[in-house]
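The structure appears below as structure tokens.
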Amino acid sequence: MTRNSIEIRVWMQRHQVRQADIRRELGYTDPKTVWATIEGRENNRRVLGWLLDNGCPATLLALPEDMQMAA
């Protein structure tokens, strides 16, 4: 399964969440980490966990196997 970045962005817009908000809340200075995770180029577990914890459906995230069990 691949990460559905378009639907993740739609969810973010509906919930008024910006990548900068996620980055700031997680303490990252480089915006690439959040962007690359949303795009499916990285599997940053902190970013994926933040999205899950804030209501983003797991079906959109194509979680790594170790995170699928927790979700």
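Just so it is clear, the structure is predicted and the values come from calculations on it, not from any experiment.
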With rounding to the nearest 0.5 Å, note down the distance linking [atom1] in [X] to [atom2] in [Y].
X   : Y   : atom1 : atom2 : value
R41 : T33 : CZ    : OG1   : 13.5 Å
M67 : L48 : CE    : CG    : 5.0 Å
D53 : E25 : CG    : CD    : 10.0 Å
T37 : E42 : OG1   : CD    : 5.0 Å

- Message: So Y28 and I22, do their side chains get closer than 4.5 Å, heavy atoms only?
- Response: no
- Query: Does any non-hydrogen side-chain atom of C56 lie less than 4.5 Å from one of V17?
  - Reply: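 Heavy-atom side-chain distance check fails, nothing below 4.5 Å.
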- Message: What verdict does the salt bridge (Lys or Arg N to Asp or Glu O under 4.0 Å) test give for R14 and E7, after you've listed the backbone C-alpha separation in whole Å, the side-chain angles of each residue and the deciding distance to 0.1 Å?
- Response: CA-CA 10 Å; R14 287 183 181 151; E7 288 300 321; 5.3 Å; no
Could you tell me whether the side chain of [X] and the main chain of [Y] form a donor-acceptor pair under 3.5 Å?
X   : Y   : value
R23 : V34 : no
R3  : N43 : no
N54 : W50 : yes

- Are L61 and V10 connected in the hydrophobic side-chain network, where two residues link if heavy atoms are under 4.5 Å apart? no
- Message: Checking I38 against M12 for the side chain to side chain contact (heavy atoms under 4.5 Å, CB included) test, could you report, in this order, the C-alpha distance in whole Å, the side-chain angles of both residues, the deciding distance, and whether it holds?
- Response: CA-CA 11 Å; I38 291 170; M12 289 173 65; 3.7 Å; yes
- Between Q19 and W35, is any side-chain donor less than 3.5 angstrom from a side-chain acceptor? no
- Message: Ignoring hydrogens, what is the shortest heavy-atom contact between L52 and A58? Give both atom names and the distance.
- Response: CD2-CB, 3.7 Å
- Does K32 pair with E39 as a salt bridge, N-O distance under 4.0 Å?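 Looking at K32 and E39, the cut-off is not met.
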